[in-house]
Amino acid sequence: MAKKFKIKKGDQVMIIAGDDKGKTGEVLRVLPKKDAVIVAGCKTVRKAVKPSEENKEGGFITKEMPIHISNVKKVEG
C-alpha cells in the first residue's frame with residue numbers, strides 16, 4: 001500500500017531541523033520511498049558535472065537535496 005503524507009507538491013513548508021532550520025520554501029517533489037521531500041532553495045549543494053551534450057563546458061551546478069519528512073512542517077498561508 002502506498003504511503004500517505006500530509007505534505008504534497010506545491011505546499012509551503014518550514015524546515016524545523018538541520019542546517020537550514022527556520023527557512024521556508026515550496027515543495028518541489030515528494031519521495032515516498034525515502035520518506036523525504038525536496039524544498040526549493042533549501043539544502044542546496046554544489047555538484048561537479050562532466051562535460052556532456054547538454055552541458056558542453058561541465059563545471060559545477062547547484063541542486064536541492066532531499067530532506068526527511070520529519071524535519072519539515074506545513075506552513076499555513
Donor-acceptor pairs are to be reported for all side-chain atoms of residues 44-51 against protein atoms at under 3.5 Å, with residues two or more places apart or in another chain.
none

(message) Please report the interatomic distance CD1(Ile15) to SG(Cys42), rounded to the nearest 0.5 Å.
(response) 4.5 Å
(request) Could you tell me which residues satisfy side chain to side chain contact (heavy atoms under 4.5 Å, CB included) with Lys74, sequence neighbours excluded, listed by chain and number? (result) Asp11, Glu76
(request) Give every residue pair that meets the salt bridge (Lys or Arg N to Asp or Glu O under 4.0 Å) criterion with at least one member in residues 53-63, sequence neighbours excluded. (result) Glu53-Lys56
Under 3.5 Å, side-chain donor or acceptor atoms of residues 29-40 against the rest of the protein: list the pairs with distances, not counting sequence neighbours.
residue, atom, partner, partner atom, Å
Asp35, OD1, Lys3, NZ, 2.8
Asp35, OD2, Lys3, NZ, 3.3

(request) With sequence neighbours left out, write down each residue that passes side chain to side chain donor-acceptor pair (under 3.5 Å) with Asn71, or none if nothing qualifies. (result) none
(request) List for me each residue that meets salt bridge (Lys or Arg N to Asp or Glu O under 4.0 Å) alongside Lys8, sequence neighbours excluded, and say none if there are none. (result) none
(request) List the atom of Ile16, the atom of Ser70, and the distance in Å for their closest heavy-atom pair. (result) CD1-O, 3.7 Å
(request) Determine whether Met65 and Ile7 fall in the same hydrophobic cluster, where Ile, Leu, Val, Met, Phe, Trp and Tyr are linked whenever their side-chain heavy atoms lie under 4.5 Å apart. (result) no
(request) Following the transitive rule for hydrophobic clusters with a side-chain heavy-atom cut-off under 4.5 Å over Ile, Leu, Val, Met, Phe, Trp and Tyr, establish whether Met14 and Ile67 coincide in one cluster. (result) no
